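From a predicted model like this one, the values you see are computed outputs, not experimental measurements. Basis for what follows: all heavy atoms, side chains included, without hydrogens, waters or symmetry-related copies.
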Amino acid sequence: MEAQRHKWIESEKAGRDLGEWAIRCWVREHWNGFLRDRWLEHLQGRTFWIELDHNDFGLLQRAFQDSLLIDEILDRLKAGRENLDILNWAIDNDLPMEEVLEILEALDINSRRIECLLASRLAHAG
């Protein structure tokens with residue numbers, strides 16, 4: 001739906017239907033951020049996404065409700081930061097590394113990445 005909205009807006013700007021090109025552009029520019037936002041909503045228990053691990057729904061409320069660091073880490077993830085960025089931030093600010101590592105391990109961001117299959121589907125359809 002977001003990709004279709006992008007296609008419509010860009011096509012309106014161009015004065016013609018940009019079709020598949022606009023969809024591919026959205027995937028290239030926005031897919032990772034879009035997915036990360038949905039994943040974080042799922043982990044926070046705000047929105048259940050059937051495509052994501054059912055056991056992860058609300059994980060952050062259950063596992064880290066007393067953490068003073070979880071919101072700071074989530075803000076960094078929402079901004080597109082990665083594990084290394086968060087670790088460097090924690091070191092620079094002399095934060096409790098054991099808790100930071102526990103949160104990052106529970107989030108396991110690297111194994112949660114989902115490849116956008118749209119490009120391969122479009123290639124096979126053409």
One thing to verify: whether E41 and K78 come together as a salt bridge, which I'm taking to mean a side-chain N less than 4.0 angstrom from a carboxylate O. no
Non-hydrogen side-chain atoms of V100 and L69 separated by less than 4.5 Å: yes
For the atom pair CD (E102) and CG (L107), what is the distance rounded to the nearest 0.5 Å? 10.5 Å
Classify the ring geometry of F48 against F57: parallel below 30°, tilted from 30° to 60°, perpendicular beyond 60°. perpendicular
Is the backbone of E105 close enough, under 3.5 Å, to the side chain of D108 for a donor and an acceptor to pair up by distance? no
Please check if the side chain of R46 supplies one atom and the backbone of H42 the other of a donor-acceptor pair under 3.5 Å. no
Contact between I9 and R5 at the side-chain level, heavy atoms closer than 4.5 Å - yes or no? yes
What residues form a ring-ring contact (aromatic ring centres under 6.0 Å, His included) with F64, not counting sequence neighbours? none
Can you tell me if N93 uses its side chain to pair, donor with acceptor, with the backbone of L95 under 3.5 Å? no
Is there side-chain contact between W8 and Q4, with heavy atoms separated by less than 4.5 Å? no
What are the two closest non-hydrogen atoms of S11 and G19, and how far apart are they? OG-N, 4.4 Å
If you compare all heavy atoms of A3 against all heavy atoms of I23, which two are closest, and at what distance to 0.1 Å? O-CD1, 3.5 Å
Is any side-chain heavy atom of I103 closer than 4.5 Å to one of L60? no
Within 45 degrees of the ring normal and closer than 6.0 Å to the centroid, is that where the cationic atom of R81 sits relative to W89? no
Does any part of the side chain of I73, heavy atoms only, come nearer than 4.5 Å to the side chain of S67, both counted from C-beta? no
So, for R36 and G80, which heavy atoms are closest and what is the spacing to 0.1 Å? NH1-C, 3.4 Å
Could you check if a side-chain atom of W26 sits within less than 4.5 angstrom of a side-chain atom of E2, using non-hydrogen atoms only? yes
From CA spacing to verdict: side chain to side chain contact (heavy atoms under 4.5 Å, CB included), C25, H6: CA-CA 9 Å; C25 180; H6 176 78; 4.0 Å; yes
According to a hydrophobic-cluster definition based on side-chain heavy atoms being under 4.5 Å apart (Ile, Leu, Val, Met, Phe, Trp, Tyr only), do V27 and L18 belong together? no
Min side-chain heavy-atom separation L87-L101 under 4.5 Å: yes
Backbone of W49 reached by a side-chain donor or acceptor of H54 within 3.5 Å: no
E82 vs L77 side-chain heavy atoms within contact, under 4.5 Å: no
